[in-house]
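To start, the structure under review is shown below, and the notes come after it.
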There are 2 protein chains.
Amino acid sequence: MRSLTPRQQDLLDYLRGCAAEEHAPTLDTICRDMGLRSRGSLHKHIRALVAAGLVEPMGGQHRGVRLTQAAIPDEDGLPLLGRIAAGRPIEAVTHDSRIQVPAALRTQGPCYVLEVRGDSMSDDGILDGDWVVVEQRDHARNGEVVVALVDDEEATLKRIEQRPGVVRLHPANAAYAPLDYHPGRVRIQGVVVGQMRRY
Amino acid sequence: MRSLTPRQQDLLDYLRGCAAEEHAPTLDTICRDMGLRSRGSLHKHIRALVAAGLVEPMGGQHRGVRLTQAAIPDEDGLPLLGRIAAGRPIEAVTHDSRIQVPAALRTQGPCYVLEVRGDSMSDDGILDGDWVVVEQRDHARNGEVVVALVDDEEATLKRIEQRPGVVRLHPANAAYAPLDYHPGRVRIQGVVVGQMRRY
DNA sequence: CTTGTCGGTTCTCTCTTTGTTCTCTACAGT
DNA sequence: ACTGTAGAGAACAAAGAGAGAACCGACAAG
């Protein structure tokens with residue numbers, strides 16, 4: 001993942017400063033505060049932040065410039081967002097919690113950590129209780145292990161296989177069968193880039 | 001790998017000093033700080049560092065001079081001693097190398113890291129290429145995964161079961177059978193306390 | 001319902017900064 | 001003299017950054 005340019009970093013810092021405000025700022029406001037005259041130029045930067053997964057894509061809505069979970073500065077370690085299991089949505093951890101992750105186990109991009117529940121990926125060496133480091137992005141290559149949201153309801157950890165017209169999610173456990181879905185029903189929320197276990 | 005020329009070493013030292021900065025420096029900045037007048041000359045040195053695997057190749061991007069993982073000195077990390085596989089002694093890594101390990105994955109005691117070779121523990125979620133964090137000690141409780149030295153020759157990663165008069169080493173792979181030894185033949189070198197994997 | 005405004009989106013055009021590749025020169029040590 | 005290291009400077013290509021115009025959807029006023 002590509003790191004931010006200085007100007008994009010400026011914008012991100014500015015947006016972080018705005019996080020406390022009641023409304024997200026409009027593009028014109030940001031332009032004024034950042035000394036820009038053209039919304040177009042600013043929007044280009046925003047698009048870069050969206051691509052970096054730091055800002056929620058705002059499909060035309062007003063005052064939609066919102067930071068992603070992952071954009072919250074990682075003082076030390078990555079946010080532990082919750083638990084993930086087959087067949088259930090991510091169960092958020094109650095208190096905001098962070099976990100130290102070695103640089104080798106994460107990417108440059110925005111990452112977070114989930115605790116794995118269940119044994120649906122056990123043949124791939126991801127066991128109950130393991131932590132997985134997830135890079136937040138909305139696309140994946142075939143064969144990658146992804147956090148996939150089906151019908152905006154069930155978040156699962158599965159190996160993905162994308163073919164024209166069908167998305168197949170493979171659990172890595174002989175006891176479970178792969179499931180086929182229409183591509184429109186599956187939203188990729190992130191890709192597993194690392195894994196840790198404590199004994 | 002060819003060793004660095006003095007000037008290349010200067011550059012590397014300078015870049016390490018920059019690592020804490022928010023943005024990577026531009027070539028012009030480096031030139032100024034290193035007393036050079038020509039970006040071209042500097043770029044030649046950078047290319048040498050890229051060839052040495054110490055700097056990420058930056059395909060035309062601005063501020064792209066970034067150090068590779070290998071070039072960032074991990075003062076605080078655990079030593080990566082080598083690879084371990086069933087049936088062979090630990091194969092030492094050539095150059096002294098350290099790896100960052102989160103506190104949650106290690107114990108208070110002396111620890112080191114081994115890279116796993118082979119699939120003899122795959123049913124326990126320890127796969128080929130994984131790193132295991134090992135606490136150095138000479139005893140273990142039954143059921144722990146240990147680095148065991150048999151006959152002072154073969155170091156293996158196995159789950160241990162100690163009974164009066166016999167030590168049984170269980171691989172976690174249906175393809176291999178557990179092996180029984182006389183307690184005198186088996187020396188425990190450490191116990192696995194953590195595991196990490198990069199995708 | 002129509003209309004106008006606001007705010008997000010996309011586009012093209014521009015200029016500067018910065019990385020990259022050349023060639024040429026200098027110098028030290030076999 | 002030959003080779004490897006070092007540097008200068010020119011020339012080029014591409015990224016970064018901004019300006020401004022045009023477009024379009026949402027929403028509120030008339």
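All values derive from a computational prediction rather than experimental measurement. Each chain gets a letter, A, B and so on, in the order the sequences are listed, and its residues count up from 1.
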Exercise. Starting from P on D:dG7, measure out to CD1 on B:I30 and report it in whole angstrom.
Key: 14 Å

Practice problem: Quickly work out the B:Q8 CD to D:dG7 P distance and round it to whole Å. | Solution: 10 Å

Practice problem: Taking only the side-chain nitrogens and oxygens of A:T5, find out if one of them lies under 4.0 Å from OP1 or OP2 of D:dA15. | Solution: no

Self-check item: Under-3.5 Å donor-acceptor pair between B:S41 side chain and D:dA8 base
Solution: yes

Quiz item: D:dA10 P sits how many Å from B:R37 CZ, rounded?
Solution: 12 Å

Quiz item: Whole Å only: how far is the CG atom of A:L42 from the P atom of D:dG18?
Solution: 9 Å

Quiz item: Of the nucleotides D:dA19, D:dG7, C:dG7, which has the atom closest to the A:D28 side chain?
Solution: C:dG7

Self-check item: Check: D:dG18 base within 3.5 Å donor-acceptor of A:K44 side chain
Solution: yes

Self-check item: Nucleotide nearest B:L36 (side chain, heavy atoms from C-beta), chosen from D:dA8, D:dA17, D:dG18
Solution: D:dA8

Practice problem: Between D:dG16, C:dG8, D:dA17, spot the one nearest the side chain of A:H43, thanks. | Solution: C:dG8

Quiz item: What pair of heavy atoms forms the shortest contact from B:T29 to B:P25, and how long is it?
Solution: CB-CB, 4.3 Å

Quiz item: Hey, is B:R159 close enough to B:E161 for a salt bridge, meaning N to O under 4.0 Å?
Solution: no

Quiz item: What nucleotide among D:dA6, C:dT18, D:dG9 has an atom nearest to a side-chain atom of B:T26?
Solution: C:dT18

Quiz item: Any Lys/Arg nitrogen of A:R137 or A:E144 sitting under 4.0 Å from an Asp/Glu carboxylate oxygen of the other?
Solution: yes

Quiz prompt | Sugar-phosphate only, base, or nothing, as touched by A:R39 at under 4.0 Å among non-hydrogen atoms | solution = base

Quiz prompt | Distance, rounded to the nearest Å, where A:R7 contributes CZ and C:dT17 contributes P | solution = 14 Å

Exercise. Inspect the contact between A:D28 and A:R39 and indicate whether a charged nitrogen and a carboxylate oxygen are less than 4.0 angstrom apart.
Key: yes

Exercise. Indicate, with a heavy-atom threshold strictly under 4.0 Å, whether B:L27 touches base, sugar-phosphate, or nothing.
Key: base

Quiz item: To the nearest angstrom, how far is B:I46 atom CD1 from C:dG19 atom P?
Solution: 8 Å

Quiz item: How close or far is atom P of C:dG8 from atom CG of A:L11, stated in whole angstroms?
Solution: 13 Å

Quiz item: With a 3.5 Å cut-off and no angle check, do the side chains of A:Y199 and A:R197 form a donor-acceptor pair?
Solution: yes

Self-check item: A:M34 CE - D:dA19 P separation (whole Å)
Solution: 11 Å

Quiz item: Where the side chain of A:S38 is defined as all heavy atoms beyond and including C-beta, which of D:dA8, D:dG16, D:dG20 is the nearest nucleotide?
Solution: D:dG20

